[in-house]
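Just so it is clear: chains get the letters A, B, ... in the order the sequence lines come, proteins before strands, and each one is counted from 1.
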Amino acid sequence: MPGNFINPYGHVPVDTTAFEEAAGVKEKIDPELAGILKDIKRGDLGVPSHVLKASAFQYANECNEVNKEFMLCREEELDPRKCLKYNLKVSDCAENFFRKMTTACADEIVAFGTCLERDHKRSFVYCRDEQVKFDRCMFEKLGIDKKYHAVELDQTVKTDRPAPKNPFKLKNYDHPQPLMPDWNRPLPKIED
Amino acid sequence: MSFSRSVVKMSAGWKNIKYRQDMPPPGGYGAVPYKRNLPVRGLGGFTLFGLGIGLSAIGVKMLWERKVLEQFTNQESHQAELVYYPLLQAEKDRTELRLHKEKIESEALNIVGTGFDPTYEPGIGNVYHTPMYEPALMESLSPFWQSIKLWYQPPNIEKLGP
């Protein structure tokens, strides 16, 4: 079986139609559109929630910038079709991180995850020994440290994408500005 | 009893009788404690207040430390869950785009392909031709979502009779 012990099937399968592979449709599709249709067929990471929570602070150190870029695009453009580039970057970063993590620190993350599962709130309080061992393993083998403030408030994001114009698609958005007088013009003196 | 002013010579036999008269102790009795006796019992006064305030301060310190620890553990737990919001939203966006694709495919097949309106141009994705993106609902055409719909919205079986 492909994959690892956490996700033995390799990926979560995707259930869609294959209309774009029909005879009369294949010739009319641009290679750009064909690439997009292939990209959206990408599946999800099959990582369970206790493993996600266990490795959260190290994941934040690696992939926070990419995630912020994606969320900014999503909130500014209000259209997921325009943020597919950042969408794939997010999934790539996560895939690389979990691949590295499961090959380097497999035993520690499994012990930590199974310990977390015993609590109904998945609290870290009851699993400090396993947490220390996992953090030490990650730092020594991969050089990845934990991030204290994993979620930041009032943060600035760097992107190459320019700010969108008229994201709500309003009509009459490009009305010309009204002409205003020159407030600093010289005024005549008033003599009483 | 014999009371008389004149000296009466008593008989000599009285000296032979041996008895002890009930007299006060030598040196007399001690002083009578007539003054007020109100001794201070227990701690009393400022000591009691101090004890109460001291024990309360110890309890407040214990509660404060517990509160700080609880805040930290809750924030730690909350942050570990918030970190993955973009990844999960990215996966949801991809499923939304797949449903959008199926919606537009259905426009082409069901409107143009059947001959209902051959001049229709699919690609809009909504009824009122708004330019904004409208995400697809769970009532879309993927069989996976249709199988879930039968669980959450069972079909209305019309009763034709009693």
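Heavy-atom distances place both the backbone and the side chain of Val151(A) under 4.5 Å from chain B. Contacts of His100(B) with chain A are made by side-chain atoms alone, with heavy-atom separations under 4.5 Å and no backbone atom involved. With a 4.5 Å cut-off on non-hydrogen atoms, Ser49(A) does not touch chain B at all. In this structure, the portion of Ala94(A) lying under 4.5 Å from any heavy atom of chain B is its side chain and not its backbone. Interface remark: Gln75(B) contributes no atoms to any contact with chain A (heavy atom separation under 4.5 Å). Residue contact with chain B, scored on non-hydrogen atoms closer than 4.5 Å, involves the side chain of Leu84(A) exclusively. Contacts between Tyr86(A) and chain B at a heavy-atom distance below 4.5 Å are absent for every atom of the residue.
A pairwise comparison of heavy atoms in Ala80(B) and Phe57(A) identifies CB-CE1, 4.3 Å as the closest pair. Residues Val83(B) and Tyr59(A) approach most closely at CG1-CD2, 3.4 Å, considering heavy atoms. Residues Phe19(A) and Leu109(B) come closest through the heavy atom pair CE1-CD2, 3.6 Å. Smallest separation of non-hydrogen atoms from Ser123(A) and Ser77(B): CA-OG, 4.3 Å. Here the closest non-hydrogen pair linking Leu87(B) and Val90(A) is CA-CG1, 3.9 Å. When all heavy atoms of Ile40(A) and Arg98(B) are compared, the closest pair comes out as O-NE, 2.9 Å.
With values rounded to the nearest 0.5 angstrom, Asp44(A) atom CG is found 7.5 Å from Thr95(B) atom OG1. Note: Cys63(A) SG to Tyr84(B) OH = 8.5 Å, rounded to the nearest 0.5 Å. Atoms CD1 and CG, on Ile36(A) and Leu97(B) in that order, are 9.5 Å from each other to the nearest 0.5 Å.
Of the residues Arg74(A), Lys82(A), Arg81(A), the one that meets the salt bridge (Lys or Arg N to Asp or Glu O under 4.0 Å) test with Asp93(B) is Arg74(A).
Thr17(A) and Glu105(B) form a side-chain donor-acceptor contact under 3.5 Å, judged by distance and modelled atom types alone.
Grouping the Ile, Leu, Val, Met, Phe, Trp and Tyr side chains by contacts below 4.5 angstrom, directly or via other members, places Leu63(B) apart from Leu55(B). Cluster membership check: Phe97(A) shares its hydrophobic cluster with Phe112(A), using side-chain heavy-atom separations under 4.5 Å among Ile, Leu, Val, Met, Phe, Trp and Tyr. Both Tyr173(A) and Phe168(A) are assigned to one and the same hydrophobic cluster, defined by single-linkage of ILVMFWY side chains at heavy-atom distances under 4.5 Å. When the side chains of ILVMFWY residues are joined at heavy-atom separations under 4.5 Å, either directly or via intervening members, Phe124(A) and Leu82(B) end up in a single hydrophobic cluster.
Enclosure of atom NZ in Lys147(A) by more than 12 non-hydrogen atoms of other residues, nucleotides or ligands within 6.0 angstrom is indicated. Counting non-hydrogen atoms of neighbouring residues, nucleotides and ligands closer than 6.0 angstrom, the OH atom of Tyr126(A) reaches no more than 12 such neighbours. With a 6.0 Å radius and a threshold of 12 heavy atoms from other residues, nucleotides or ligands, Gln177(A) has its CD atom at or below the threshold. With a 6.0 Å radius and a threshold of 12 heavy atoms from other residues, nucleotides or ligands, Leu153(A) has its CG atom at or below the threshold. At most 12 non-hydrogen atoms from other residues, nucleotides or ligands lie less than 6.0 angstrom from CD of Glu121(B). The 12-atom threshold is exceeded at CG of Leu187(A), counting heavy atoms of other residues, nucleotides or ligands nearer than 6.0 Å. Within a 6.0 Å radius of CG in Asp182(A), more than 12 heavy atoms belonging to other residues, nucleotides or ligands are found. Within a 6.0 Å sphere centred on CD1 of Ile17(B), other residues, nucleotides and ligands contribute more than 12 heavy atoms.
Checking side-chain atoms of Asn67(A) against main-chain N and O of Pro86(B) turns up no donor-acceptor pair under 3.5 Å. Between the side chain of Glu91(B) and the backbone N or O of Leu45(A) there is at least one donor-acceptor pair closer than 3.5 Å. No donor-acceptor pair under 3.5 Å is formed between the side chain of Arg94(B) and the backbone N or O of Lys41(A).
Glu20(A) and Lys101(B) are joined by a salt bridge, as a carboxylate oxygen and a charged side-chain nitrogen come within less than 4.0 angstrom of each other.
Contact count versus chain B (heavy atoms, under 4.5 Å) is highest, among Asp79(A), Val125(A), Leu52(A), for Leu52(A).
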Query raised in the report: Going through the distances and angles, do Thr130(B) and Lys169(A) end up as a side-chain hydrogen bond (donor to acceptor under 3.5 Å, both in side chains)?
Result: CA-CA 9 Å; Thr130(B) 49; Lys169(A) 317 243 182 342; over 6 Å; no
